Amino acid sequence: MEKFLSQLNIEQQKVVQHTKGPVLVLAGAGSGKTRSVIYRAAYLINYQKVNPWNILIVTFTNKAARELLSRLEDTFGISVRSLWIGTFHSICTRILRYEQEHLPFTSNFSIYDESDQKSIFKKIYKELDIDPKKFAPGKVREIISRQKNSLILPKDFLEFNDANYYSETVLKIYKYYQNFLIRNNALDFDDLLMYTALLLHDHEEIRRKYEKKFKYVMIDEYQDTNYAQFKIINLIARNHQNLCVVGDDDQAIYSWRGADIRNILSFESDYKNVLKIKLEQNYRSPKSFLLAANCLIKNNSERHAKELWTALESQEKPELVKLENENREAEYVVRQISELRNKNISLNDCVVLYRTNAQSRVFENSFMQHQIRYQIVGGVNFYQRKEIKDILAYLRILVNPADSESFLRIINFPARGIGKVSIGRILDKAVSLQKNLLQTVLEKKFDYLPANAAANLRKFIDLLIEWQQLTRTLPVSELAKKVIKELRLIELYDNSKDPKDISRVENIQEFIAATEEFSEKYLEETGEEPKLDEYLQNISLQTDMDNLKEDEEAVKLMTMHNAKGLEFDHVFIVGLEDGLLPHARSIYDLNNVEEERRLFYVGITRARKTLKLTYARTRRTFDAVQTTFPSRFLSEIDDDLLKQQNEIFYELRAPRYKASDKSKKVVLENEKYFKIGQKIYHDKFGKGVILNVDGKGNDAKLTISFSDGKLKKIKGTYVKAGI
DNA sequence: TTAAGTATGCTTTTT
DNA sequence: GCATACTTAA
């Protein structure tokens with residue numbers, strides 16, 4: 001035990017040893033927060049002999065949960081099988097699956113993501129005859145989400161919102177939307193939290209059950225919890241008060257998602273006799289980085305006073321670099337990373353952080369051209385890609401027949417001759433029969449459809465029935481493969497002329513691999529095959545971060561939001577301009593500006609060894625080049641803390657791909673193999689140079705840099721060799 | 001019913 | 001500038 005505790009500083013030891021009563025840990029960036037949480041869990045289990053089954057740990061991401069699990073297992077030899085650890089959303093999903101008899105839906109519910117929501121809203125607007133121009137769907141969705149995060153049901157809506165034409169329309173949509181979800185046996189992300197909170201609130205016996213089960217509760221990143229999350233934890237922990245929350249109000253960056261910074265600021269009044277522990281010693285960054293971060297954050301008004309310090313000796317300073325435009329900015333980063341690589345530094349230790357996902361494109365181009373491997377985290381989630389969602393819709397309808405969203409997605413995909421008109425008639429029929437869509441068509445009486453469509457529909461239904469029977473016997477991954485094979489999806493995209501479809505094939509193949517991997521892991525951990533509904537719900541909660549291929553050496557590119565909780569040796573924060581950071585949408589509201597400042601703070605404090613800050617003098621946004629101004633936050637950092645470099649023009653050209661002698665010869669149309677560096681011509685995109693060849697023969701996948709600077713992946717059969 | 005061609009609107013950040 | 005939605009022709 002001595003040895004166990006000696007690996008922590010005095011403050012961290014306090015966190016670990018105070019296991020009874022409420023504990024508030026204000027943990028600055030890089031202060032060993034995760035370490036404290038892990039040691040605390042290990043202490044409870046190994047020294048206080050608490051049953052892992054009685055511990056609940058909530059993390060911010062699935063990835064963090066997995067890391068915690070593996071460290072508990074590997075370092076402390078703890079059997080983690082019965083430990084409850086995960087994000088709020090995954091833990092709520094688990095609880096809701098158990099408690100279906102007290103809920104208005106069953107445990108095989110579908111989880112709808114934002115694009116599902118979007119399409120549902122469209123239907124609702126049509127149904128209720130609401131003008132999307134007057135009631136912007138995105139905004140309405142946000143308001144409704146906010147209500148759910150605050151546990152305001154439709155029936156309570158007017159208590160908390162002024163009654164006027166706008167809010168009454170929103171209420172109408174809210175009501176209809178919730179109804180729609182229940183009819184489809186579906187929940188959105190906010191519902192997962194809301195129904196769990198209501199379940200615990202409305203059923204005292206269930207609340208007691210979980211209060212008894214979760215005798216010790218720990219929450220990470222507490223500053224980014226919303227009211228529903230606060231309530232869930234409060235209902236579980238308010239009696240025993242064995243609750244340890246860890247967070248940093250200076251790193252609260254999710255208020256736009258309903259997170260309420262007051263949860264952490266008022267923790268001391270929410271619970272009795274709170275022990276407050278501050279972790280201010282930073283083990284991550286050079287002194288000057290922390291000074292710069294402190295300079296910045298002290299401009300915020302509402303915060304727990306705290307200042308980071310370090311015992312590290314490094315004299316490294318953050319470097320501020322001004323570039324001509326966004327392309328130069330990308331080239332600068334590429335150049336720096338090339339130099340690091342020459343010093344034998346792994347690409348895995350480098351990260352590029354930006355404010356918006358759209359900024360990644362320029363970097364992608366530059367990295368590709370200089371053949372530096374990179375991985376983008378975020379943007380469009382893997383499981384939200386069209387080709388993957390189509391497959392998932394087939395699987396979803398098999399476990400949740402009420403899921404009309406999935407049904408409509410696949411009824412005529414791949415095209416099977418059931419058109420808009422026919423689908424409209426089925427919808428009408430379903431309404432008049434008061435049944436869901438699948439039930440309606442299962443009767444196979446199609447007097448309301450043209451003969452053609454009716455025949456096609458019968459085939460479709462038979463297919464679904466056949467597959468549904470297979471769900472009982474076939475493992476998830478086999479079923480997925482069968483669906484893909486029998487629908488001939490890979491062939492569909494392989495034979496397409498659209499260059500986009502090449503990556504679709506890749507994604508489908510990756511999906512199969514991911515599904516197999518999931519099954520194997522699940523089998524290993526639980527000794528049984530995953531159930532299809534569980535698999536689908538799990539996948540719905542996956543983020544891009546969870547799909548990171550750790551074994552592959554690549555520079556990571558991500559938003560500062562995504563970087564929370566991570567650290568890297570070499571950090572590049574790019575696009576430090578007013579309008580980007582702080583974002584143009586945030587500059588008119590002081591609270592929003594403060595949140596943007598915290599975001600920058602998060603970015604700076606990720607760095608372990610070097611930190612480069614860049615901004616561009618001009619930047620192309622959508623179609624026009626705009627002159628930009630350096631971020632207002634930069635002037636808040638004392639000049640002598642920064643190493644400044646202005647107006648660097650790196651004459652950095654793409655390495656010239658000299659066409660080899662062989663390919664200089666006139667290459668025949670039927671030339672079999674493509675080579676890197678070879679010049680080609682494409683009917684639509686014009687001249688280009690091959691940067692990468694994937695596969696053999698003339699249908700290999702080519703990565704081509706076209707003369708206008710664009711990169712495209714195109715199948716060999718669509719390009720002409722030689723010019 | 002589908003494919004190709006044209007118009008639109010959109011970009012903050014995510015479980 | 002891109003992706004999606006809608007229109008038009010076959």
Side-chain angles (χ1 to χ4, degrees), chain A residues 58-65 86-93 111-115 117-119 122 132-133 136-138 142 145 148-149 187-194 221 224-226 228-229 252-259 353-362 377-381 383-386 412-423 450 452-453 456 496-498 500 537-546 558-564 575 579-587 592 595-596 598-600 602-603 620-625 708-710 712:
Chain A
V58 184
T59 57
F60 196 69
T61 61
N62 295 307
K63 187 172 172 250
T87 61
F88 269 105
H89 291 86
S90 69
I91 280 165
C92 289
T93 303
I111 299 174
Y112 283 171
D113 66 22
E114 206 176 317
S115 71
Q117 281 181 308
K118 242 187 189 164
S119 100
K122 230 176 178 176
K133 287 210 180 78
E142 211 181 295
S145 167
K148 293 190 188 185
N149 287 155
L187 276 69
D188 65 18
F189 288 129
D190 302 318
D191 284 336
L192 295 171
L193 306 175
M194 183 177 79
E221 307 284 6
D224 280 322
T225 51
N226 60 36
Q229 292 165 333
I253 52 176
Y254 282 96
S255 75
W256 52 274
R257 206 170 81 183
L353 302 178
Y354 37 73
R355 175 67 237 268
T356 66
N357 285 306
Q359 286 168 261
S360 68
R361 259 207 11 248
V362 195
V377 180
V380 184
N381 188 318
Y383 290 102
Q384 313 214 42
R385 286 161 206 261
K386 182 202 171 295
N412 197 34
F413 176 87
R416 53 168 67 84
I418 304 171
K420 244 200 230 148
V421 181
S422 299
I423 293 171
N452 239 344
N456 293 331
S496 143
K497 282 192 213 95
D498 192 341
K500 286 198 291 273
Q537 284 166 2
N538 209 298
I539 264 180
S540 307
L541 301 176
Q542 297 251 318
T543 64
D544 233 37
M545 197 72 85
D546 298 314
M558 64 182 85
T559 61
M560 280 176 257
H561 281 93
N562 259 323
K564 189 163 88 152
L580 269 177
L581 189 79
H583 195 273
R585 298 224 172 180
S586 299
I587 52 180
N592 289 342
E595 181 149 313
E596 300 276 319
R598 290 193 291 267
L599 194 54
F600 190 20
V602 168
R620 181 180 286 274
T621 34
F622 54 107
D623 56 349
V625 175
D708 57 355
K710 273 184 216 142
K712 291 230 154 50

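Small disclaimer: the values here were computed from a predicted structure and weren't measured. Just so we're on the same page: letters track the sequence lines, and every chain starts at 1.
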Quiz item: Which word best sums up how the rings of A:Tyr254 and A:Phe60 line up, parallel for under 30°, tilted for 30 to 60°, or perpendicular for over 60°?
Solution: tilted
Practice problem: Can you tell me the distance, in whole Å, between the CD atom of A:Glu595 and the C1' atom of B:dT12? | Solution: 11 Å
Quiz item: So what does A:Leu193 touch, heavy atoms closer than 4.0 Å: a base, only the sugar-phosphate, or nothing?
Solution: nothing
Practice problem: Specify the separation, in whole Å, of atom CH2 of A:Trp256 and atom P of B:dT13. | Solution: 8 Å
Quiz item: Which part of the nucleic acid, if any, lies within contact of A:Tyr254, taking any heavy atom under 4.0 Å across all strands shown: a base, the sugar-phosphate backbone alone, or nothing?
Solution: sugar-phosphate
What protein N or O atoms touch nucleotides 7-9 of chain C N or O atoms at under 3.5 angstrom, if any, and at what distances?
none

Quiz item: Over how many whole Å does the gap from A:Met560 atom CE to B:dT14 atom P extend?
Solution: 11 Å
Practice problem: Considering just the side-chain nitrogens and oxygens of A:Asn456, establish if one lies under 4.0 Å of OP1 or OP2 belonging to B:dT1. | Solution: no
Practice problem: Classify the nucleic acid contact of A:Asn62 as base, sugar-phosphate or nothing, counting any heavy atom under 4.0 Å across all strands shown. | Solution: nothing
Quiz item: Are OP1 or OP2 of C:dA5 and a side-chain N or O of A:Lys122 less than 4.0 angstrom apart?
Solution: yes
Practice problem: Look at A:Asn412 and B:dT2 and indicate whether a side-chain polar atom (N or O) is within less than 4.0 Å of OP1 or OP2. | Solution: yes
Self-check item: Flag for A:Glu595-A:Ser255: side-chain donor and acceptor within less than 3.5 Å
Solution: yes
Self-check item: Geometric cation-pi criterion A:Lys386 and A:Phe413, 6.0 Å radius, 45° cone
Solution: yes
Quiz item: What nucleic acid atoms does A:Asn562 come within less than 4.0 Å of, heavy atoms only: base, sugar-phosphate, or nothing?
Solution: sugar-phosphate
Exercise. Could you work out the separation of C:dT4 and B:dT13 based on their C1' atoms and round it to a whole Å?
Key: 22 Å
Exercise. May I have the distance from A:Asp191 (atom CG) to B:dT15 (atom C1'), rounded to whole angstrom?
Key: 13 Å
Practice problem: Take the protein atom CD of A:Glu596 and the nucleotide atom C1' of B:dT13, then report the distance between them rounded to whole Å. | Solution: 8 Å
Quiz item: Looking for any heavy atom pair under 4.0 Å, which part of the strands does A:Lys386 touch: base, sugar-phosphate only, or nothing?
Solution: nothing
Quiz prompt | Sequence-distant partners of A:Glu142, side-chain contact (heavy atoms from CB on, under 4.5 Å), two or more places apart | solution = A:Arg146
Exercise. Return the value, rounded to whole Å, for the distance between atom CZ of A:Phe600 and atom P of B:dT13.
Key: 19 Å
Review item, nucleotides 7-11 of chain B N/O atoms under 3.5 Å of protein N/O:
| residue | atom | partner | partner atom | Å |
| --- | --- | --- | --- | --- |
| B:dT11 | O3' | A:Arg585 | NH2 | 3.4 |

